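What follows is one structure encoded as structure tokens, with my remarks underneath.
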Protein chains: 2
Amino acid sequence: MAVTLRQIQAFLAVAELGTFTKAAERLHMAQPALSQLVRELEHALGIRLFDRTTRRVELTEGGREFQGASAKIVHDLDLAIQNANDLAERRRGRITVAAPPLLAAAILPEAIAEMRERFPGVQVAVLDARTDTIIEAVRTNRVDCGLGTFAAVEDGIERIPMARDQLMLFCSPGSRFADTTVDWRELRGEPLITLTRDSGIRLLVEVAYETVGIPLVPAYEVSQITTALALVEARLGVAVLPTYARAAAPHRRVLARPLSNPTIARDIVLIRPGGRSVSPALATFETILRRYARRLAPADVD
Amino acid sequence: MAVTLRQIQAFLAVAELGTFTKAAERLHMAQPALSQLVRELEHALGIRLFDRTTRRVELTEGGREFQGASAKIVHDLDLAIQNANDLAERRRGRITVAAPPLLAAAILPEAIAEMRERFPGVQVAVLDARTDTIIEAVRTNRVDCGLGTFAAVEDGIERIPMARDQLMLFCSPGSRFADTTVDWRELRGEPLITLTRDSGIRLLVEVAYETVGIPLVPAYEVSQITTALALVEARLGVAVLPTYARAAAPHRRVLARPLSNPTIARDIVLIRPGGRSVSPALATFETILRRYARRLAPADVD
DNA sequence: GCTATTCATAAGCATATCATCTGAATTCAG
DNA sequence: CTGAATTCAGATGATATGCTTATGAATAGC
């Protein structure tokens, strides 16, 4: 004979209210049904829980003992259910997102701020790391998702495109490129500020120069995008950088111009462990993230 | 949508075994039924508990959290049920019995010893007190039952006759009464050892003397039954005492002879709060107690 | 590419659950 | 002391719930 929660609820209601009839009302059921539940429980436990005359119902010693224990159980269960509901309703939760430093600086702060505003109970943690570290962290579940421009991603990892990022020419406001769409060929002979060769962007730029057949001779070679932008602002040359570089230093007086023939674009994608369910909080965060990603790189996706 | 224990058991089995099919086997049910239970639980909680592909089932983050909470709840419940069963099976329990000192010394020790032997988990406590205190203690539920010779008992208190106790003549082996049933009238002029006037027994003796019309002149007046028996043993007189006085000093060399015309008898009764249920341990103790009571005062009851 | 395994879905059916009605016991009012 | 009212227990029938069987879809291994 199995003990059920319903029996326990019936028992607790009777124990609290002291009468079967009132307890039945509270539980929205008929009194005989409730009598039956209590009887079943007594039978399952092997002890009488109530001494009942027709006029008075009171707990036996064993009943009082069981009341304490079962009240705690019911309370714990309510708490557990409440916790689960909190997760479902995004009142609680924890998201860890990995992103390369630039993207982390460009997109994440605003997205996190909005998330914090709308769902104060959800904690968002950031891991800024290099691309390969990010993939590793996603695969080993150390983070819930990763943001970046990932070329080929192994399987077992899901890819969700967020926005399309395009290489652009960054120049100073007075530059001769300031008002037009720029063709790569126009860059011949222009002093070029590049990133160092360990950067993925530098690689793309080299490919493009080679494609259009002009030699790449760096005027300056720096490792940080912000440094490159500072040099551009100082009119020491132009730089070819991804769209989202604009967000890295919004206060700088530099312009970004589209580069065409060829247009070189990469997807900014969110990756996360495949096959696993997406927590409600993470699902919301993804949509927020996509909005801010597109605001930075408004080119259409797919 | 209500959460049921069955759903939780299903969930825990799947969480532990990692597959629905195996869990269904353990729970002795078909796999679809178990799938349904888990689905219902997920729906009630608002979160997915498992990430399931057809090949792999693993807990989500929320699932793991709920697993911990619900496992504790199920464990607590099992414990509570176990405790109740222990009470039912007399593996555990506590009985407090009140009795006047003499009865407490005469009957209770052996009864308690047997109880302890058969049900080691049940604690039996003794409160030795005067008759009126006993009744009061029973009425206020400070003790579970009381033993004694209670004349009229108020209602709200149940009376269970245990044995019939009779006034007897206690004399030394060499006395002229040693071999016969004694008539009260034969006591005329015999040196009588009595209890002091605050004793209920003394009262009965006075009534009997008056009834048969002989004067009561105490040779000695003592307050303890054991003292009276010692004086009898020393051949200083005879004493009129209840049957169970024999048990008070089994080593003494005194004889007890029935007293007739009139035969004065009282019931040794067990009293306990009326309308309340009798715990399994107490029920057992009552039968044990009755056996020992009858052994002392073998006269039939009712 | 085929088979075996695993979980989800659908439909039918047995069982359990609950509400209504009725009865017994007790209390309270007159 | 009698009658009304209250309260819990029992019996019966309608409804609902839960389980099983049968089937389908997806994946991994051979």
Side-chain angles (χ1 to χ4, degrees), chain A residues 1-45 47-60 63 154-158 273-277, chain B residues 1-45 47-60 63 154-158 273-277:
Chain A
M1 171 131 304
V3 173
T4 71
L5 276 181
R6 198 143 183 75
Q7 289 165 2
I8 292 178
Q9 285 164 342
F11 161 71
L12 287 176
V14 175
E16 184 181 340
L17 297 176
T19 116
F20 280 68
T21 308
K22 293 225 183 69
E25 280 171 20
R26 170 188 289 191
L27 298 179
H28 307 297
M29 56 166 31
Q31 166 265 316
L34 186 137
S35 285
Q36 185 176 332
L37 286 176
V38 172
R39 199 166 351 124
E40 287 168 3
L41 182 60
E42 288 181 328
H43 191 246
L45 297 179
I47 58 173
R48 282 188 78 77
L49 294 168
F50 296 107
D51 284 323
R52 22 205 198 281
T53 68
T54 52
R55 301 304 288 179
R56 182 172 270 87
V57 173
E58 55 182 5
L59 285 164
T60 62
E154 57 202 302
D155 59 48
I157 291 185
E158 212 147 341
R276 293 182 55 215
S277 71
Chain B
M1 172 131 303
V3 174
T4 71
L5 276 180
R6 195 142 185 76
Q7 290 164 2
I8 292 177
Q9 285 165 342
F11 161 72
L12 287 177
V14 175
E16 184 181 340
L17 297 176
T19 115
F20 280 68
T21 309
K22 294 225 184 70
E25 281 172 20
R26 171 187 289 190
L27 297 179
H28 307 297
M29 56 168 25
Q31 167 264 318
L34 186 137
S35 285
Q36 183 177 330
L37 287 175
V38 172
R39 196 160 358 119
E40 286 168 3
L41 182 60
E42 288 182 327
H43 192 247
L45 296 179
I47 58 173
R48 279 188 82 74
L49 294 168
F50 297 107
D51 284 324
R52 26 201 196 281
T53 67
T54 52
R55 303 304 292 181
R56 181 172 269 88
V57 175
E58 55 184 2
L59 284 164
T60 63
E154 56 204 298
D155 58 48
I157 291 184
E158 211 147 339
R276 293 181 57 215
S277 71

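Note that the coordinates shown come from a computational prediction; the quantities given were computed from them, not determined experimentally. These values consider heavy atoms only, across backbone and side chains, with no hydrogens, waters or symmetry-generated copies.
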Footprint string (nucleotides 8-16 of chain C, 5' to 3'): B base within contact, S backbone only, - free, heavy atoms under 4.0 Å: BB-------
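Rounded to an integer number of Å, the gap from B:Met29 CE to C:dC7 P is 15 Å. A straight line from CZ of A:Phe50 to P of D:dA9 spans 10 Å, rounded to a whole angstrom. The nearest whole Å value for the distance from the CG atom in B:Leu49 to the C1' atom in C:dC7 is 16 Å. In this entry the distance linking CD of B:Glu40 with C1' of D:dT17 reads 9 Å, nearest Å. Regarding B:Arg56, its CZ atom lies at a distance of 14 Å from the C1' atom of C:dT5, rounded to whole Å. For the pair A:Leu17 CG and D:dC8 C1', the interatomic distance rounds to 15 Å; values are reported in whole Å. The separation between B:Leu37 atom CG and C:dC7 atom C1' is 15 Å, rounded to whole Å. Spacing between atom CG of A:Leu34 and atom P of D:dA9 amounts to 9 Å, rounded to whole angstrom units.
When the local axes at the two ends of the helix from C:dG1-D:dC30 to C:dG30-D:dC1 are compared, using 5 base pairs at each end, they differ in direction by 30° after rounding to 10°.
Residue A:Thr21 has a polar side-chain atom (N or O) positioned under 4.0 Å from OP1 or OP2 of D:dC8.
For the side chain to side chain contact (heavy atoms under 4.5 Å, CB included) test, residues two or more places apart in sequence or in another chain that qualify with A:Ala30 are A:Pro32. For the side chain to side chain donor-acceptor pair (under 3.5 Å) test, no residue two or more places apart in sequence or in another chain qualifies with B:Glu58. By the side chain to side chain donor-acceptor pair (under 3.5 Å) test, A:Ser35 is found to be paired with A:Gln31, residues two or more places apart in sequence or in another chain being considered. Taking B:Arg52 as the reference, B:Glu42 meet the salt bridge (charged side-chain N to carboxylate O under 4.0 Å, His left out) condition, with sequence neighbours excluded. Partners of B:Leu5 by side chain to side chain contact (heavy atoms under 4.5 Å, CB included), not counting sequence neighbours, listed by chain and number: A:Leu5, B:Leu77. Listed by chain and number, the residues in a side chain to side chain contact (heavy atoms under 4.5 Å, CB included) with A:Ala44 are A:Met1, A:Val3 (sequence neighbours excluded). Scored by the side chain to side chain contact (heavy atoms under 4.5 Å, CB included) test, B:Gln9 finds B:Arg6 as partners (sequence neighbours excluded).
Closest heavy-atom contact between B:Val57 and B:Gly18: CB-O, 3.4 Å.
Note on residues 14-25 of chain B: pairs passing side chain to side chain donor-acceptor pair (under 3.5 Å), not counting sequence neighbours, are B:Glu16-B:Arg26.
When side chains are defined from C-beta on, A:Ile47 does not count as touching A:Thr60, because their heavy atoms never get closer than 4.5 Å. Side-chain contact between B:Leu37 and B:Met29 is present, with heavy atoms from C-beta onward closer than 4.5 Å.
Within 4.0 Å (heavy atoms only), B:Ala30 reaches at least one base atom of the nucleic acid.
Comparing C:dT17, C:dC18, C:dC7 by their nearest atom to the side chain of B:Val57 picks out C:dC7.
Looking at residues 2-12 of chain B, you'll see that no heavy atom sits under 4.0 Å from any atom of DNA chain C.
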